[in-house]
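The structure appears right after this line, and notes come after that.
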Amino acid sequence: MRVEIWSDIACPWCYIGKARFEKGLAAFAHRDDVEVVHRSFELDPGRAKGDTAPVLEMLAKKYGRTLDEARAMEAHVASNAHSEGLGYRTEGRDHGNTFDIHRLLHLAKARGRQSELLDLAYRANFAEERSVFDAETLVALGVEAGLDETEVRAVLADEAAYADDVRQDEREAAELGANGVPFFVLDRRYGVSGGQPAEVFTQALEQAWQGRALQSLGAAPDAEACGPDGCEVPGA
């Protein structure tokens, strides 16, 4: 069975949702027969390359909030991340265009190192003081993931490299009706949206394996996701 996961490095609920999905998968009896493929989804595709802004300032501006209110929003996300054993810095992070990261993830996929690079990129973006919007940081992450440095630099230098793969992923997301991430598709038959609890993912895997129709597993109140309008915390 194949599970495809549309996500963006800039999306905190994708970071958290990946951890929850992996816990759900670990509890699935047929986990060794599941192929996991990560696909590209840009939350802010219109942002120019190199145009970065501090996350707190971006949140305050986007939602018309004060910086203190933006900090409260980030604290809510951090609490969810910490509950999954993930590091999360509420200040000092930046936000920018993720197209180059997605292109490198497609290189990593071709070299069998996609999951390794994705984990490193998430950790760098959310838990460490390393900007994933800096080319040298991306090179370092690629090498840490087991990629060849020369090949990584060549991909970053050629804006056309793997660009079609990223765009194809995004077209498929639109065709499947995904307007937010994380978005999980099981065997191109069943979909689960948002950072659902681990047990929901286990249930979804079991039902998909048995070929039964899933009940509604969409964006429940505890299944936050990021979409075109951002990652605002409901009620924050």
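None of the values given here were measured: they were computed from a predicted structure.
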Looking at Glu35, I'd like to know if its CD atom is crowded, meaning that more than 12 non-hydrogen atoms belonging to other residues, nucleotides or ligands lie closer than 6.0 Å.
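It does: Glu35 CD has more than 12 such atoms within range.
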
Crowding at CD, Glu159 (>12 non-hydrogen neighbours, <6.0 Å)
no

Are [X] and [Y] side-chain neighbours, meaning at least one heavy-atom pair lies under 4.5 Å?
X	Y	answer
Cys14	Tyr122	yes
Asp148	Val152	no
Pro12	Phe126	yes
His30	Met1	no
Arg47	Thr98	no
His102	Asp8	yes
Asp100	Phe133	no
Leu107	Leu104	yes

Could you tell me which non-hydrogen atom of [X] sits nearest to which non-hydrogen atom of [Y], and how far apart they are?
X	Y	answer
Arg20	Pro197	CD-CA, 4.4 Å
Arg71	Asp68	NH1-OD1, 2.9 Å
Ala110	Tyr162	CB-OH, 4.0 Å
Ala204	Leu186	O-CD2, 3.5 Å
Leu67	Leu56	CD2-O, 3.9 Å
Pro182	Gly195	CG-N, 3.9 Å

Would you please say whether a donor-acceptor pair under 3.5 Å links the side chains of [X] and [Y]?
X	Y	answer
Asp169	His106	yes
Ser131	Asp94	yes
Glu172	Gln168	yes
Thr137	Asp134	yes

Check whether any side-chain N or O of [X] sits under 3.5 Å from a backbone N or O of [Y] as a donor-acceptor pair, and report yes or no.
X	Y	answer
Arg31	Leu25	no
Arg103	Ala161	yes
Glu57	Pro54	no
Asp158	Ala160	yes

How long is the span from the [atom1] atom in [X] to the [atom2] atom in [Y], to the nearest 0.5 Å?
X	Y	atom1	atom2	result
Met73	Leu59	CE	CG	5.0 Å
Leu147	Leu138	CG	CG	11.5 Å
Arg39	Ser7	CZ	OG	11.0 Å
His38	Gln114	NE2	CD	6.0 Å
Leu176	Trp6	CG	CH2	5.0 Å
Ser79	Tyr88	OG	OH	11.5 Å

Just jot down the ring pair (Phe, Tyr, Trp, His ring centres under 6.0 Å) partners of His82, sequence neighbours excluded, or say none.
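Counting only residues at least two positions away or on another chain, His82 forms no ring pair (Phe, Tyr, Trp, His ring centres under 6.0 Å).
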
Partners of Phe21 by ring pair (Phe, Tyr, Trp, His ring centres under 6.0 Å), sequence neighbours excluded?
Phe184, Phe201

Is there a path of hydrophobic side-chain contacts, each under 4.5 Å between heavy atoms of I, L, V, M, F, W or Y residues, that connects [X] with [Y]?
X	Y	answer
Phe41	Val166	no
Ile101	Leu120	yes
Ile5	Leu205	yes
Phe99	Leu156	no
Ile9	Leu141	yes

Holding to side chain to side chain donor-acceptor pair (under 3.5 Å), I want the full list of residues that pass it with Asn97, two or more places apart in sequence or in another chain.
none

Is there a salt bridge (charged side-chain N to carboxylate O under 4.0 Å, His left out) between Glu84 and Lys23? Walk through the geometry before answering.
CA-CA 9 Å; Glu84 301 300 333; Lys23 288 181 180 178; 2.8 Å; yes

Given Asn125 and Tyr15, is the side chain to side chain contact (heavy atoms under 4.5 Å, CB included) satisfied, shown in steps?
CA-CA 10 Å; Asn125 189 42; Tyr15 175 49; over 6 Å; no

Charged N-O contact under 4.0 Å between [X] and [Y]:
X	Y	value
Lys18	Asp119	yes
Glu144	Arg130	yes
Arg167	Asp164	no
Glu74	Arg89	no

From CA spacing to verdict: salt bridge (charged side-chain N to carboxylate O under 4.0 Å, His left out), Glu175, Arg171
CA-CA 6 Å; Glu175 291 167 2; Arg171 284 193 294 270; 5.8 Å; no

Under the salt bridge (charged side-chain N to carboxylate O under 4.0 Å, His left out) criterion, do Arg153 and Glu136 qualify, and how do the steps go?
CA-CA 9 Å; Arg153 290 187 181 278; Glu136 288 304 312; 2.9 Å; yes

Arg111 and Glu116: salt bridge (charged side-chain N to carboxylate O under 4.0 Å, His left out), yes or no, with the steps?
CA-CA 11 Å; Arg111 301 294 177 262; Glu116 290 82 358; over 6 Å; no

Applying side chain to side chain contact (heavy atoms under 4.5 Å, CB included), run through Val37 and Val3 and close with a yes or a no.
CA-CA 6 Å; Val37 178; Val3 176; over 6 Å; no

